[in-house]
Amino acid sequence: MDGPTTRVLLIDPDQARREMAAKRLRAQGYAVDDTGDPAVGADLALRSPPAAVVADLWMPSISGVQLCRLLCSEPATADVPVILCGDRDEPRNRFWAERAGAAAYVIKGRTAELVSALARVIDLRPKEDDSFFVQLSGGSGDIRDRLARHLDAALFDSVLAAELRSLGNAGSFDRLFDRLAQFMSQVLRYRWIALSIERPERFAIHRHPSCDAAEKTARAVLRVAPSTTALHIEDEDPIADSEGPEPVVVDIYFDRASIARFACAPAPGHEQEAQLQAKIIERELGGAIRIATLVEESERLATTDGLTGLMNRRAFGAAMSNEVSRSTRHGYPLAVMMLDVDHFKQINDKRGHASGDRVLAKLGALLVEHLRKGDIAARWGGEEFVVALTSTDRESAPIAAERLRVAIEELIVTDGGGERISITASLGVAAWRESDTVESVVDNADRAMYASKAAGRNRVTVAAEPILLSSTRPKQRTSIAV
């Protein structure tokens, strides 16, 4: 303690208790100012900041929690420690005191504990001369206006934080950013906002359609590689200006590790708002991003074959159902192709299972490379694969299957010793008919595939109707299932 000049402000509506506490503190060498009105007490603290403030936790008109938050937010009293006093040693009271920013919580009537807490918090207070922070107050009315503004700001902060945390249920990065853009455009004027995450590598930007240069700037400030695919959300919510204040950039943390970066290019005159809201995003968005990406990854793992990277059987069924609905609604043709690696058991037996896995992985990559963007490929199970050939009719489907058969035959895969593994596949093709279900068209392709195996393997068999092919490849092997 610094001696008798150490001034303490005591605020307690109970006059008898306040006078007794003031007497005990003066006996300990403190200079004590006391009042029963929290608004008057706040005014006194702002006019001439004391070494510490001791206030009742629950007071009429202005609570100790509100008073503490107000003093912590004002430059003149930001470093003044506040000790809040409550009737009982309840977790609830300590919780509110801690959340309000109080330096300590003390039970009323425990003078020794109060004196000890005062000595501790005053000793921890910065010793620099803060006199230049002192500001005059306009009395209790001004205090109530300041408190109302502070509470409005705190309410806005809490609402924004709650909205950001709720983005965790978006289920994917794309949906999270879309909802973030919708919300941010309601509370801030900006030219663009952008978000990037490191693992998995993702990047998204919300901008006005006319601001083509925004993406280049956003990639630069977020350090996003040109090769990273961007999610673009373009509408007229952002302003159309291409020039303006410098972007505000913050790192977003989860469990003390940086997991993402956020950037906002504010509209002119909205720089301070952008800074404040970016700070809330920095503090609150990390958990939502982590949850959304975990859900997205778990869904991906649940629908993806780990060896080939293709869809698994369950995911293909769902995708095929959607494609059948689209085909039925719009009259688009659709075909299904099944393929099975010939003599795959021999590859495993002679070359080892690692070589067999290498064959399947290479075949999965070949399908991704060989098929069109709209086609749907999946690992059906074991060494079997299935492909939905979208917008493909009966004449075109066998041609596509034949090209794939040749590509498989020419595929170069080596075993662990560097020796090439010879690969061929038997394929079956079935075209979608109005009477078909997903199960029936896949079953037709499967039957055609087994017909290819029965006919000698390394060939394409078409279910149902005979098809004449225009291809003249000498190694072409296409037959019709009877």
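Bear in mind that the values here come from a model prediction, so they are computed numbers and not experimental data.
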**Prompt:** Hey, mind stepping through L84 and W96 against side chain to side chain contact (heavy atoms under 4.5 Å, CB included) and telling me if it holds?
**Reply:** CA-CA 10 Å; L84 294 178; W96 281 112; over 6 Å; no

**Asked** Just how far is it from atom CD1 of I347 to atom CG of D357, taken to the nearest 0.5 Å?
**Response** 11.5 Å

**Message:** Quick one, H232 with I205, criterion side chain to side chain contact (heavy atoms under 4.5 Å, CB included). Give me CA distance, side-chain angles, the key distance, then yes/no.
**Reply:** CA-CA 5 Å; H232 293 96; I205 182 169; 3.8 Å; yes

**Contacts of type salt bridge (Lys or Arg N to Asp or Glu O under 4.0 Å), residue D89, not counting sequence neighbours** = R94

**Asked** So R372 and T392, side-chain hydrogen bond (donor to acceptor under 3.5 Å, both in side chains) or not? Walk me through it.
**Response** CA-CA 11 Å; R372 300 167 303 170; T392 303; 2.7 Å; yes

**Asked** So among V187, I193, L164, which one has a side chain to side chain contact (heavy atoms under 4.5 Å, CB included) with Q277?
**Response** V187

**Request:** Considering only NZ, NE, NH1 and NH2 on the basic side and carboxylate oxygens on the acidic side, decide whether R313 and D305 come within less than 4.0 Å.
**Result:** no

**Asked** Between D174 and R202, is there a salt bridge with N-O shorter than 4.0 Å?
**Response** yes

**Request:** May I ask you to say whether E409 pairs ionically with R405, meaning some side-chain N is under 4.0 Å from a carboxylate O?
**Result:** yes

**Message:** Can you tell me if R165 has over 12 outside heavy atoms packed within less than 6.0 Å of its CZ?
**Reply:** yes

**Asked** Pick one: which of L339, D375, I408, T308 meets side chain to side chain contact (heavy atoms under 4.5 Å, CB included) with L367?
**Response** L339

Side-chain polar contacts of residues 238-252 - donor-acceptor pairs under 3.5 angstrom, sequence neighbours left out - could you list them?
residue	atom	partner	partner atom	Å
D251	OD1	R261	NE	2.9

**Asked** Who passes side chain to side chain donor-acceptor pair (under 3.5 Å) against R99, sequence neighbours left out?
**Response** none

**Message:** I'd like to know whether S426 forms a side-chain hydrogen bond (donor to acceptor under 3.5 Å, both in side chains) with D340, so could you lay out the CA-CA distance, the side-chain angles of the two residues, the decisive distance to 0.1 Å, and finally the verdict.
**Reply:** CA-CA 5 Å; S426 299; D340 182 276; over 6 Å; no

